[in-house]
**Q** 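Below are the structure tokens for one structure; questions will follow.
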Amino acid sequence: MKKQDDPKNVSVLGLGVMGAALARLLVKEGYRVTVWNRTPEKADTLIREGAVRAANVAEAIEASPLVIICVHNYQATNEILKGEEVVAALAGKTIVQLTTGSPQDARESEVWANQNGAEYIDGAILATPAQMGSPDTIILFSGKKDAYESVKGVLKIFGGKLTYLGEKSSSASAMDLAVLSYTYGAALGFFHGVRIGEVEGFQADVFGQIIADFSPTIGGFIKYESDVIQKGDFAATESAIRISIEAVDRLLKTAQESGINTEFPRFASSIFQQAKEAGYADEEIAALIKVFRHQK
Ligand code: FVH
């Protein structure tokens with residue numbers, strides 16, 4: 001078998017904090033890992049650990065049937081995958097893009113890769129470099145199923161919870177955006193909660209531990225509400241919006257009285273007020289999605 005067709009050969013383009021973590025896991029698993037980075041010195045430690053340095057991008061791509069990319073953004077990727085030699089090397093390869101990007105980035109990248117004879121899988125990592133390789137690490141993937149199946153065995157090295165979202169190449173980055181929306185929404189609520197503690201006298205780390213302990217419960221609640229949205233039956237069973245209207249008003253009132261930042265509770269209160277005015281107060285909290293859809 002030619003070197004570049006050997007499935008034990010994997011190439012990694014991009015050795016930032018995440019790229020290096022990915023390459024290191026592959027080396028540890030006994031793969032022949034060919035690496036390239038814009039700043040070559042970043043490969044030095046990995047070379048000492050057994051990775052192979054590519055002199056240039058084309059050489060890195062030629063060295064393996066699977067090419068993993070993990071750089072700052074898709075613009076950087078496009079800058080890397082430039083030039084006749086690089087493009088020619090792509091024919092017959094499978095590219096797995098683990099750089100964060102938009103759904104449009106993914107769609108354009110798949111078209112470009114396929115036009116140049118390469119299979120394309122788009123991925124989104126929901127973990128930090130230190131969490132790579134652990135059983136709970138979630139990585140989202142989308143793209144042609146047979147291409148995904150052909151490289152899944154290697155990708156499993158990066159995390160225990162690989163989630164394939166289907167053949168639409170933009171699905172992974174779209175889901176990544178949705179997870180970011182939830183993450184930042186929860187984080188903003190957390191920071192407001194820290195301010196409550198700073199005024200009412202509990203420590204941020206004590207609050208943080210409670211949130212950590214609470215996470216499985218909130219996860220179960222979100223999953224339940226997602227099922228309600230999916231079914232479209234908003235009859236109140238677990239948590240009627242009316243209860244939350246009172247709770248959010250209390251959040252805003254307490255913030256105003258204690259003189260802390262009111263932006264988060266004010267935004268939350270505006271959403272619940274819209275639900276109340278639309279007549280959803282006795283429906284399940286999932287009915288808030290109708291406010292976000294501006295739907296009656
Ligand atoms: N780090 C994390 O926690 C998150 C977790 C979720 C997924 N992200 C995404 O992973 C991509 C890489 O992130 P990173 O943390 O490895 O980022 P850096 O350590 O800053 O490394 C950036 C690499 O990109 C290379 N690079 C940047 N611009 C260019 C360019 N124009 N041409 C070629 N390469 C470029 C950079 O090269 P160098 O500066 O070392 O020469 C690094 O290899 C990212 O999409 C995260 O959102 C990580």
Side-chain angles (χ1 to χ4, degrees), residues 10-27 33-49 51-61 66-83 85-87 89-90 95-110 112-113 120-143 154-163 165 169-184 186-187:
V10 182
S11 293
V12 178
L13 305 183
L15 299 177
V17 181
M18 182 57 83
L22 301 175
R24 183 155 289 113
L25 284 167
L26 291 166
V27 170
V33 186
T34 302
V35 295
W36 176 89
N37 192 67
R38 177 180 59 177
T39 306
E41 294 71 43
K42 281 194 187 168
D44 293 352
T45 310
L46 276 160
I47 303 307
R48 285 195 294 276
E49 293 169 2
V52 175
R53 187 191 301 274
N56 54 55
V57 174
E59 192 179 287
I61 294 171
L66 170 56
V67 179
I68 293 169
I69 304 175
C70 190
V71 290
H72 179 62
N73 58 21
Y74 280 57
Q75 187 188 332
T77 302
N78 298 338
E79 287 174 23
I80 291 169
L81 298 181
K82 263 189 179 139
E85 219 187 336
V86 169
V87 172
L90 286 170
I95 298 173
V96 174
Q97 173 63 291
L98 289 175
T99 301
T100 302
S102 69
Q104 185 57 19
D105 286 332
R107 283 188 285 268
E108 289 170 1
S109 300
E110 180 187 46
W112 183 85
Y120 181 84
I121 295 295
D122 203 77
I125 300 171
L126 303 188
T128 63
Q131 294 167 324
M132 298 314 288
S134 82
D136 292 334
T137 292
I138 300 172
I139 311 175
L140 309 172
F141 291 100
S142 52
V154 178
L155 300 177
K156 276 189 178 143
I157 293 166
F158 299 143
K161 291 185 177 171
L162 301 193
T163 306
L165 295 170
S169 61
S170 55
S171 296
S173 48
M175 183 66 80
D176 187 33
L177 275 177
V179 171
L180 283 179
S181 170
Y182 173 78
T183 305
Y184 288 125

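All ligand and atom numbering here is 1-based and tracks the order in the structure.
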**Q** Hey, which atoms in ligand 1 end up nearer than 4.0 Å to a heavy atom of Lys42?
**A** 38 (P), 39 (O), 40 (O)
**Q** List every atom of ligand 1 that sits less than 4.0 Å from any heavy atom of Leu15, numbering the atoms from 1 in the order shown and giving each element.
**A** 43 (O)
**Q** Any nitrogen or oxygen of Thr128 lying under 3.5 Å from a nitrogen or oxygen in ligand 1? Just yes or no.
**A** no
**Q** Does atom CE (Met175) have a neighbourhood of more than 12 heavy atoms from anything else shown, all under 6.0 Å?
**A** no
**Q** Minimum distance, heavy atoms only, to atom 29 (C) of ligand 1: which one of Met132, Arg38, His72 is it?
**A** Arg38
**Q** Judging by distance only, is a nitrogen or oxygen of Gly14 under 3.5 angstrom from one on ligand 1?
**A** no
**Q** Give the numbers and elements of all ligand 1 atoms closer than 4.0 Å to a heavy atom of Thr99.
**A** 45 (O)
**Q** So, is Cys70 polar-close to ligand 1, with some N/O to N/O distance under 3.5 Å?
**A** no
**Q** State the atoms of ligand 1, each with its element, that fall below the 4.0 Å cut-off from a heavy-atom position in Ile80.
**A** 33 (C), 34 (N)
**Q** Does ligand 1 have an atom under 4.0 Å from some heavy atom of Ala127?
**A** yes
**Q** Below the 3.5 angstrom mark, is there an N/O of Asn73, backbone or side chain, next to an N/O of ligand 1?
**A** no
**Q** What residue and atom, counting heavy atoms only, is the protein's closest point to atom 3 (O) of ligand 1, and at what distance?
**A** Pro129 CD, 3.2 Å
